[in-house]
Colleague: 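Sharing a structure with you now.
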Amino acid sequence: MLIITEQWHLRNFVCALPGVEILDPGQVVYSETRTNGVVGRGVILECGPTLPDVFIWGFTKPGTDTIRAIVYNFGKGPKIQKLANDLGNLTVISNSASLSIEKLPLAAEGVYTCQALYDTPEGAKLYYYYVFLRHILQPLFHGLSVTRLHFVIILKVPVTNPYIVMSDSSPVEGTSVIMRCGLENGTGPINYIWEQESRESQLTTVAEIYDDNRFNVTDVNRNHTGWYRCIASNQVNQQRSDRVWLDTIFGPDQPQIDVTPFSVTERGYSALERETVSLLCQASSNPPSQYVWFYNNSQVFTGPQYTITRILRMHTGHYACLAQNTYLNTRSRKTITLTVYCDSES
């Protein structure tokens, strides 16, 4: 294994090449580049605009200072070192010194350095390519033009398919619910968008939260009932969760009583003898209300619609509808007065 350290410097690199002579004074040029890679995808690292006569690619693992050779070409074609196998599917692009790395693993994150030597009519020129200048080398002799470009690959992990976890999927109206958009993996920062789909299939964006996967719904009401999805996105990709149903428990509201046929007097509702009168009670509730009818405080029927066929004057009185939410053990009540008059045509 070839290990490139600060002691393995420019003079050793040039002296290892027979026939290379440095003549003219040179200079060191520094350049920086930062490359973002994505786990499982590919990246290309360039080493000069043209194919050098000789080049060496080195790799420095984060947290260390040692540069280890992964590819070199001393004029007899590129030689890929064993270490390169840990960095993904690494190849040298034809007619260049640039590297192509496919299927990046997490282990590929680090610093990549390319040293390239060109034999020119003006003399040998050495280019030292890297991005993050951690160790600045001083020119050790004259007649050399040096550019240092150091590639730092920062791997970014795509977000996985998110999933929603609710603190309570059936909250009571007036309470609070916390929804969490869970992820198995993904490089931050992550942006979260929350969508609600109503019973009528109307889709609404209800929240957009930066780098916080929690959506807190305070003072829940019946309008919060519906399907919820979260969309998680980072610099790499975007994923949408499956929808989850939020079922708000409430009620019953104050009942509404509809009388058919409809006729109103100062005393309330009225009907003629021998008519068929229908009393319909409705009270919003989840779960749906259970209904009980009372006539003059005596229970006479169970259900939302109470029908009296061939009503008589003796049926005059107070009719009350009691709506009950058996889940919450809550109830509400409404009473009307119905007066039955004699049919003058009878």
Colleague: Specify the closest pair of heavy atoms between Asp219 and Gly174, including all atoms of both residues, with the distance to one decimal.
Modeller: OD1-CA, 3.4 Å
Colleague: Please round to the nearest 0.5 Å and tell me the distance separating atom CG of Leu99 and atom CZ of Phe59.
Modeller: 12.0 Å
Colleague: Indicate, with yes or no, if Val177 and Val244 share a hydrophobic cluster defined by side-chain heavy-atom contacts under 4.5 Å among Ile, Leu, Val, Met, Phe, Trp and Tyr.
Modeller: yes
Colleague: Indicate the ring-plane relationship of Tyr295 and His315, choosing parallel, tilted or perpendicular according to the 30° and 60° boundaries.
Modeller: perpendicular
Colleague: Using 0.5 Å steps for rounding, measure from the CG atom of Asp86 to the CD atom of Gln81.
Modeller: 12.5 Å
Colleague: Quick one: pull up CG in Asn325 and CG in Asn286 and give me the separation to the nearest 0.5 Å.
Modeller: 7.5 Å
Colleague: Using modelled atom types only, decide if a donor and an acceptor are shared between the side chain of Thr330 and the backbone of Gly251 within a distance under 3.5 Å.
Modeller: yes
Colleague: Parallel, tilted or perpendicular for Tyr112 and Trp57, by the 30°/60° rule?
Modeller: perpendicular
Colleague: How long is the gap from CD1 on Ile311 to CZ on Arg313, to the nearest 0.5 Å?
Modeller: 12.5 Å
Colleague: Parallel, tilted or perpendicular: which describes the rings of Trp245 and Trp227, with under 30° parallel and over 60° perpendicular?
Modeller: perpendicular
Colleague: In terms of side-chain heavy atoms, does Gln305 have a donor or acceptor partner in Ser278 at a distance below 3.5 Å?
Modeller: yes
Colleague: Sub-3.5 Å donor-acceptor pair from the side chain of Ser100 to the main-chain atoms of Ile44, do we have one?
Modeller: no
Colleague: Looking at Asn85, I want to see if its CG is surrounded by more than 12 non-hydrogen atoms of other residues, nucleotides or ligands under 6.0 Å.
Modeller: yes
Colleague: Taking the side chain as C-beta and beyond, is there a heavy-atom pair between Phe215 and Ile164 under 4.5 Å?
Modeller: no
Colleague: Whether the side chain of Gln299 engages the backbone of Trp293 through a donor-acceptor N/O pair (distance < 3.5 Å, no angle test) should be reported.
Modeller: no
Colleague: Can you tell me if Ser289 uses its side chain to pair, donor with acceptor, with the backbone of Ala323 under 3.5 Å?
Modeller: no
Colleague: Contact between Tyr306 and Tyr319 at the side-chain level, heavy atoms closer than 4.5 Å - yes or no?
Modeller: yes
Colleague: Would you call Ser233 and Val159 a side-chain contact if the rule is heavy atoms closer than 4.5 Å?
Modeller: no
Colleague: Do Leu117 and Asp53 have side-chain heavy atoms sitting under 4.5 Å apart?
Modeller: no
Colleague: Is it the case that the side chain of Thr248 and the backbone of His224 share a donor-acceptor pair, with hydrogens and angles ignored and the cut-off at 3.5 Å?
Modeller: no
Colleague: Is the side chain of Thr265 donor-acceptor paired with the backbone N or O of Gly268 at a distance under 3.5 Å, no angle test?
Modeller: yes
Colleague: Between Arg310 and Thr276, which heavy-atom pair has the shortest distance, and what is it?
Modeller: N-OG1, 4.0 Å
Colleague: Would you please test Trp194 and Val217 for side-chain contact (heavy atoms from CB on, under 4.5 Å) and show each step?
Modeller: CA-CA 12 Å; Trp194 292 88; Val217 183; over 6 Å; no
Colleague: Within the side chain of Asn234, is there an N or O that forms a donor-acceptor pair under 3.5 Å with the backbone of Asn237?
Modeller: yes
Colleague: Do Ile101 and Leu83 land in one hydrophobic cluster if side-chain heavy atoms of ILVMFWY residues count as linked below 4.5 Å?
Modeller: yes
Colleague: Would you say Gln202's side chain and Gln196's backbone share a donor-acceptor pair under 3.5 angstrom?
Modeller: no
Colleague: Taking only Lys NZ, Arg NE, NH1 and NH2, and the carboxylate oxygens of Asp or Glu, determine whether Arg222 and Asp253 approach each other closer than 4.0 Å.
Modeller: yes
Colleague: Between atom CD of Gln239 and atom OG1 of Thr160, what is the distance when rounded to the nearest 0.5 Å?
Modeller: 7.5 Å
Colleague: Kindly give the heavy-atom pair with the smallest separation between Leu87 and Pro105, and that separation in Å.
Modeller: O-CD, 3.4 Å
Colleague: Go through it in stages, so that I can follow the logic: the residues are Leu104 and Val39, the test is side-chain contact (heavy atoms from CB on, under 4.5 Å), and I'd like the CA-CA distance, side-chain angles, deciding distance and then a yes or no.
Modeller: CA-CA 5 Å; Leu104 286 165; Val39 172; 5.7 Å; no
Colleague: Using side-chain contact (heavy atoms from CB on, under 4.5 Å), reason through Glu266 and Val264 one step at a time and then give a plain yes or no.
Modeller: CA-CA 7 Å; Glu266 293 181 357; Val264 180; over 6 Å; no
Colleague: I would like to know whether Leu328 and Val172 meet side-chain contact (heavy atoms from CB on, under 4.5 Å); could you show each step before the answer?
Modeller: CA-CA 9 Å; Leu328 294 176; Val172 177; 3.8 Å; yes
Colleague: Judged by atom type as modelled, is there a donor-acceptor pair below 3.5 Å linking the side chain of Thr204 to the main-chain atoms of Val206?
Modeller: no
Colleague: How many angstroms lie between atom SG of Cys47 and atom CD1 of Ile93, to the nearest 0.5 angstrom?
Modeller: 11.5 Å
